[in-house]
Peer 1: 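I have a structure I would like to understand better, so I am pasting it below and will then ask my questions one at a time.
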Protein chains: 2
Amino acid sequence: MIRNDPEPTLNDDAARAGWLYYVGGLTQDQIATELGVSRQRAQRLVSRAMAEGLIHVRLNHRIGNCLDLETRLTERFDLLRCRVAPSLGAGGDPVHSIAPSAATELERFLRMPEPQVIAFGTGRALRAMAELFNPTEAGHHRIVSLIGNIAPDGSATLYDVIRRVAEKLVAPYYPMPVPVISDTAEERAFYHHLRPVQAVVALVEQADVTFVGVGQMSDDAPLLVDGFVSREEMARFQRKGAAGEIASWVYDDNGQYIKSDRDAMVGALRIEPGRVQPVIGVAGGHGKTRAIRAALLGKILNGLVTDERTAAEILGMD
Amino acid sequence: MIRNDPEPTLNDDAARAGWLYYVGGLTQDQIATELGVSRQRAQRLVSRAMAEGLIHVRLNHRIGNCLDLETRLTERFDLLRCRVAPSLGAGGDPVHSIAPSAATELERFLRMPEPQVIAFGTGRALRAMAELFNPTEAGHHRIVSLIGNIAPDGSATLYDVIRRVAEKLVAPYYPMPVPVISDTAEERAFYHHLRPVQAVVALVEQADVTFVGVGQMSDDAPLLVDGFVSREEMARFQRKGAAGEIASWVYDDNGQYIKSDRDAMVGALRIEPGRVQPVIGVAGGHGKTRAIRAALLGKILNGLVTDERTAAEILGMD
DNA sequence: CCATTGTGTGAGCAATTACTCAGTAAGCGA
DNA sequence: TCGCTTACTGAGTAATTGCTCACACAATGG
């Protein structure tokens with residue numbers, strides 16, 4: 001993606017203003033002088049830089065408490081990777097605090113010189129991570145999706161985590177060209193016998209690292225909200241003790257997958273427990289603690305990026 | 001390493017406060033409440049987080065790299081002004097990317113309410129800048145040339161950077177009415193004793209800012225192409241280690257001017273190293289990195305407008 | 001062609017932040 | 001224990017920032 005904007009303006013100025021403000025420590029008045037604009041405009045540029053996500057803020061200090069929680073989570077659940085981000089204030093959305101840490105975690109893998117196959121599930125936190133991470137030259141990796149990219153209405157743009165990541169990296173990416181959820185078992189079987197689909201499946205199975213979101217199975221479940229399960233199915237799952245869901249595969253409080261008629265229609269690939277490569281859950285928030293803990297117990301996940309409060313709650317459930 | 005600090009460290013609090021402030025967007029009052037400290041303390045924690053480098057701010061934008069290069073060039077060569085423009089695509093002429101930034105830089109000085117004396121050398125990038133800059137009401141400044149405006153064929157229109165600038169500004173301008181290069185030392189001396197010439201020389205010496213191009217001394221040197229040095233002279237310069245040329249004065253890799261019989265014939269004024277007023281080089285391109293770097297090292301220039309790629313090459317030469 | 005909508009701008013003001021200062025407690029050597 | 005230094009604190013205040021408003025200008029549509 002080579003940009004040839006003849007005019008060196010727009011977000012460029014915003015980025016420059018933001019840089020001068022946050023990195024250079026100039027006052028907005030000074031920036032205004034520097035860029036030759038009014039103070040108000042400088043203010044707007046700075047705030048735009050923030051709003052557009054041009055400015056990234058990262059914490060370069062492991063807060064003792066978070067470090068402690070990481071250690072305890074790692075030991076308790078035998079994790080390969082664990083990141084606990086400080087929570088924001090009481091009303092703060094945990095996604096905001098988790099996403100930068102998740103981005104840092106992703107960058108760890110992107111920096112590796114050996115080509116990696118990186119698989120992604122879906123979810124709000126994952127999406128935010130995709131926006132935030134800092135793209136390095138990483139065209140040698142391959143980006144692959146766990147999730148079908150054909151939404152019930154036929155569109156393919158609903159879950160564009162991998163597209164966003166691949167776009168920023170200029171790396172090859174492999175969406176899963178199947179319906180998120182098929183209408184019949186035959187339809188799913190048909191898709192999964194297609195050669196290109198099988199190629200993607202093979203890639204996912206050899207993925208060097210997998211990033212997934214974790215969904216709760218309460219009445220505000222993402223699966224329900226997005227219309228991928230009906231209210232009746234949801235109730236049935238809940239009666240069977242559903243605790244959470246990863247890539248739309250539902251499991252109970254011990255992290256054992258729950259069998260269902262729906263299994264034969266699900267387009268997403270199921271992550272089998274006990275993988276040796278990292279499978280990193282990116283999720284947090286009060287409603288998700290049960291789902292996350294169950295996935296950790298069942299070894300569906302062997303890595304976690306979450307926030308302080310959620311981490312504490314997970315550990316507090318023992 | 002198990003940490004047993006029951007008390008959060010000072011820096012822990014600072015990191016947390018900084019996190020809440022920059023990532024969470026809380027106000028310092030809210031942070032104070034959150035952490036249970038006074039507002040003033042919250043403020044101190046936030047500022048400490050910055051001072052200690054606990055918080056990292058990065059720019060997620062093309063020009064982030066440029067700003068970074070600007071900082072590094074400024075520190076490395078102790079510059080007063082530095083502008084690094086984003087390079088255009090692979091095949092792009094660096095002049096196209098440099099000229100707009102140079103124009104912006106020029107405008108900075110034109111905007112000053114106090115009358116400025118602005119001196120110009122010559123060069124392609126400078127010429128492009130003259131076309132691009134946005135003329136403001138700036139008739140109070142004076143525009144003066146470093147370079148003789150009498151070409152070998154007697155015409156006076158060859159180097160019209162200053163005419164173009166002055167015309168757009170409706171400002172008084174002072175060309176240097178001497179030959180670019182005289183045939184004999186006597187001829188040059190004659191011209192330079194004329195009162196009007198001395199007036200221009202005096203103006204140049206008090207110039208508040210000087211914009212110059214930078215010429216390489218390889219076989220495609222502008223000096224050679226334009227016929228201001230012969231092929232033999234060029235070869236002699238090259239044997240003496242010529243790295244570049246500014247206003248047709250040739251210097252070596254340390255930015256020390258190289259003595260030559262030609263000195264007594266050169267009509268242009270020589271910029272002496274270590275001027276306190278800004279002397280801004282406007283140049284870029286692979287062939288010019290050596291020339292630019294040498295001029296920076298020798299303090300002939302204390303300002304630079306260049307493009308991303310050239311900036312990186314200059315820094316990469318250390 | 002004119003009205004309308006919406007995007008952007010500068011001014012003014014309220015909220016927020018940074019700084020200075022004087023007071024106080026803690027550490028430390030005599 | 002006293003006196004000294006050092007570091008930290010809160011209060012007050014100056015500086016900076018963010019927000020709202022009214023207006024200007026350009027694009028859109030009748």
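Numbers restart at 1 for each chain; the letters A, B, ... are given by sequence-line order, proteins then strands. What's counted below: heavy atoms across the whole structure, side chains too, no hydrogens, waters or symmetry copies.
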Peer 1: Are M129(A) and L106(A) side-chain neighbours, meaning at least one heavy-atom pair lies under 4.5 Å?
Peer 2: yes
Peer 1: Would you tabulate the pairs of protein nitrogen or oxygen atoms and nucleotide nitrogen or oxygen atoms of nucleotides 8-10 of chain C closer than 3.5 angstrom?
Peer 2:
| from | atom 1 | to | atom 2 | distance (Å) |
| --- | --- | --- | --- | --- |
| dT9(C) | OP2 | R41(A) | NH1 | 3.0 |
| dG10(C) | OP2 | S38(A) | OG | 2.7 |
| dG10(C) | N7 | R44(A) | NH1 | 3.4 |
| dG10(C) | O6 | R44(A) | NH2 | 2.9 |

Peer 1: Would you call the rings of F211(B) and F120(B) parallel, tilted or perpendicular, where under 30° means parallel and over 60° means perpendicular?
Peer 2: parallel
Peer 1: Please assess R16(A) against E70(B) for the test salt bridge (charged side-chain N to carboxylate O under 4.0 Å, His left out), listing each intermediate value before the final yes or no.
Peer 2: CA-CA 12 Å; R16(A) 191 175 289 273; E70(B) 285 174 10; 3.4 Å; yes
Peer 1: Atom pairs, N/O to N/O, protein against nucleotides 15-17 of chain D, distance under 3.5 Å?
Peer 2:
| from | atom 1 | to | atom 2 | distance (Å) |
| --- | --- | --- | --- | --- |
| dT16(D) | O3' | T27(A) | OG1 | 3.4 |
| dT17(D) | OP1 | Y21(A) | OH | 3.4 |
| dT17(D) | OP2 | T27(A) | OG1 | 2.5 |
| dT17(D) | OP2 | Q28(A) | N | 2.8 |

Peer 1: Are any non-hydrogen side-chain atoms of I55(B) and L59(A) less than 4.5 angstrom apart?
Peer 2: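 A side-chain contact exists here, since the closest heavy-atom pair is under 4.5 Å.
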Peer 1: If you measure only the distance, is there a donor-acceptor pair under 3.5 Å linking the side chains of D307(A) and S97(A)?
Peer 2: no
Peer 1: Taking CG from L45(B) and P from dC19(C), how many angstroms apart are they, rounded to a whole number?
Peer 2: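 The answer, rounded to whole Å, is 15 Å.
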Peer 1: Would you check if D29(B) and T33(B) make a side-chain contact, meaning some heavy-atom pair closer than 4.5 Å?
Peer 2: no
Peer 1: Can you measure L20(B) atom CG to dT17(C) atom P for me and round it to whole angstrom units?
Peer 2: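 It is 12 Å, rounded to the nearest whole Å.
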Peer 1: Between the side chains of D13(B) and R41(B), is the shortest nitrogen-to-carboxylate-oxygen separation below 4.0 Å, so that they form an ion pair?
Peer 2: no
Peer 1: Nearest 0.5 angstrom please: L69(A) CG to E313(A) CD, how far?
Peer 2: 11.5 Å
